[in-house]
Number of protein chains: 2
Amino acid sequence: MKIGSEEQLKTLLRTRGLRFTPDRLRVFRALADTPQPLSVPALINIVAPDGVNQATVYRTVEQFLALAVVQTVLLHDGVVGYELVPPFSSHHHHFICLDCGNVQDLPADRVDSALTKSLQGLGLKAVGHKVDIYGQCEKCHEDTD
Amino acid sequence: MKIGSEEQLKTLLRTRGLRFTPDRLRVFRALADTPQPLSVPALINIVAPDGVNQATVYRTVEQFLALAVVQTVLLHDGVVGYELVPPFSSHHHHFICLDCGNVQDLPADRVDSALTKSLQGLGLKAVGHKVDIYGQCEKCHEDTD
DNA sequence: TTGTTATTGCAACAAATTCGCAACAATAAA
DNA sequence: TTTATTGTTGCGAATTTGTTGCAATAACAA
């Protein structure tokens, strides 16, 4: 699974004339190993101890974005986070707890078809979507009771 | 319509012991008059000529967020934007053109019920949601043909 | 009108992001 | 393997973006 993804990243990079470097792999792994979207500063905290330079992280994230390896996600406090997208991770949506700020993944299949239909007749051509749902996660819901 | 919203803002602020000031009204109007979500720098560009200080804009946006007068929206280029939410604007979702970056509103009613259902059985309590759909807007779709 | 207290402006500060460029290293080809 | 090519990185400074403290100001309830 993980190795397969890394091979795909390698192939994708080379296809575009880019290089598969240790630093890029470190950033990729940080994203793959973290269940939550990461901001650039958060990413820097993770990979800096491995010797990856701050500027390199910015450049890598920008490239991953251009390559559609990652997508941006809005965290609860208005911070932009990055996460892997298919085929590097499963297609999913987010449930963001308004109490604790935790972001958890939601399986996407239940909502996808409905969204596609909702565009019919509007002259718009969808190639992707992002759904964020806000509320209380199970834990915080219990605390409130 | 507009006057009604401003009255509501005034009431909301006073209810919380906050004040209805000219600066806050200017920021509110900038948001109400712009059909797209605005980043803080963009807001500053709009209201600075009217004498609103940069720091004031940041503080006002933060307050509007806490008061749920605005919500954050992720623009196509990873920039965080702010827009009014109900009852200050209609409930809607976004269609973001990947070609030109334009953000247009989508009527929300078609997708809302489907989203609510999708959470059943997960132990999550939704109080709101945000749906962003990406693709080509009508204009850019024509250009591609 | 007046007192209370939230708000603002200012300017310094802190954090986040970008930039140029020389040294380096991943590839493909020899 | 070795080499040449050229994409990548590190560094540090410059820039942009966002934050803070505090005195002066202004909103507004009484």
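Chain letters run A, B, ... following the sequence lines, proteins first and then strands; every chain starts at 1.
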**Student:** Is the distance from OP1 or OP2 of C/dG9 to the nearest side-chain N or O of B/T56 less than 4.0 Å?
**Tutor:** yes

**Student:** With axes from five pairs an end, tell me the bend angle of the helix from C/dT1-D/dA30 to C/dA30-D/dT1, nearest 10°.
**Tutor:** 50°

**Student:** What's the CG-P distance between B/L25 and C/dT8, to the nearest Å?
**Tutor:**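 Whole-Å distance recorded here is 12 Å.
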
**Student:** Would you jot down, in residue-number order, the residues of residues 40-49 of chain B having a non-hydrogen atom under 4.0 Å from DNA chain C?
**Tutor:** none

**Student:** Report yes or no: does A/N53 contribute a side-chain atom to a donor-acceptor pair with the main-chain N or O of A/A55 at less than 3.5 Å?
**Tutor:**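 Yes, because the side chain of A/N53 sits within donor-acceptor range (under 3.5 Å) of the backbone of A/A55.
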
**Student:** Between A/F88 and A/Q8, which heavy-atom pair has the shortest distance, and what is it?
**Tutor:** CE2-CB, 3.8 Å

**Student:** Would you give a per-nucleotide map of nucleotides 23-30 of chain D, 5' to 3', where B means the base has a protein non-hydrogen atom under 4.0 Å away, S means only the sugar-phosphate does, and - means neither?
**Tutor:** ---BBSS-

**Student:** Round to the nearest Å and state the distance from A/D23 atom CG to D/dG10 atom C1'.
**Tutor:** 10 Å

**Student:** Using whole Å, report how far CD of B/Q54 lies from P of D/dT16.
**Tutor:** 13 Å

**Student:** When rounded to the nearest 0.5 angstrom, what distance separates CG in A/L38 from CD1 in A/I46?
**Tutor:**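 So the gap between those two atoms works out to 4.5 Å.
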
**Student:** State, to 0.1 Å, how close A/T15 and A/T11 come at their nearest heavy-atom pair, and which atoms those are.
**Tutor:**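 That closest heavy-atom pairing would be OG1-O, 2.7 Å.
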
**Student:** For A/V61 and A/V70, work out which heavy atoms get closest and say how close.
**Tutor:**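 Looking at all heavy atoms of both residues, the closest pair is O-CG2, 4.3 Å.
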
**Student:** Keeping the roles fixed (side chain from B/R24, backbone from B/R19), state whether a donor-acceptor pair exists under 3.5 Å.
**Tutor:**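 Pair found, side chain donor or acceptor close to backbone of B/R19.
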
**Student:** Among A/T56, A/V69, A/L43, A/D50, which one satisfies side-chain contact (heavy atoms from CB on, under 4.5 Å) with A/V27?
**Tutor:**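 Looking at A/T56, A/V69, A/L43, A/D50, the match for A/V27 under the side-chain contact (heavy atoms from CB on, under 4.5 Å) is A/L43.
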
**Student:** Give the minimum heavy-atom separation between B/Y82 and B/L31, together with the two atoms involved.
**Tutor:**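 Distance-wise, the nearest heavy atoms are O-CD2, 3.4 Å.
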
**Student:** Do B/R59 and C/dG9 have a side chain to base donor-acceptor pair shorter than 3.5 Å?
**Tutor:** yes

**Student:** So, the side chain of A/S89 versus the backbone of A/L84: is there a donor-acceptor pair under 3.5 Å, distance only?
**Tutor:**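 Yes.
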
**Student:** What pair of heavy atoms forms the shortest contact from A/V47 to A/R26, and how long is it?
**Tutor:** CG1-O, 3.7 Å

**Student:** Nearest whole angstrom, please: distance from the C1' of D/dT19 to the CG of B/N53.
**Tutor:**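 Spelled out: CG on B/N53 to C1' on D/dT19 is 12 Å.
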
**Student:** Which heavy atom in B/V85 sits nearest to a heavy atom in B/A68, and how many Å separate them?
**Tutor:**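 Minimum heavy-atom contact is CG2-O, 3.1 Å.
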
**Student:** Return yes if the base of D/dG7 and the side-chain atoms of A/R16 contain a donor-acceptor N/O pair under 3.5 Å, otherwise no.
**Tutor:**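 By the distance-only test, no, there is no pair.
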
**Student:** According to a strict under-4.0 Å criterion, is A/Y58 in side-chain N/O contact with OP1 or OP2 of C/dT18?
**Tutor:**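 Negative; the distance criterion is not met.
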
**Student:** Go through D/dT8, C/dC10, C/dT7 for me and flag the one nearest to the B/R24 side chain.
**Tutor:**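 Of D/dT8, C/dC10, C/dT7, C/dT7 is nearest to the side chain of B/R24.
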
**Student:** Between atom CZ in B/F64 and atom P in C/dT7, what is the gap in whole Å?
**Tutor:**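 To the nearest whole Å, that distance equals 11 Å.
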
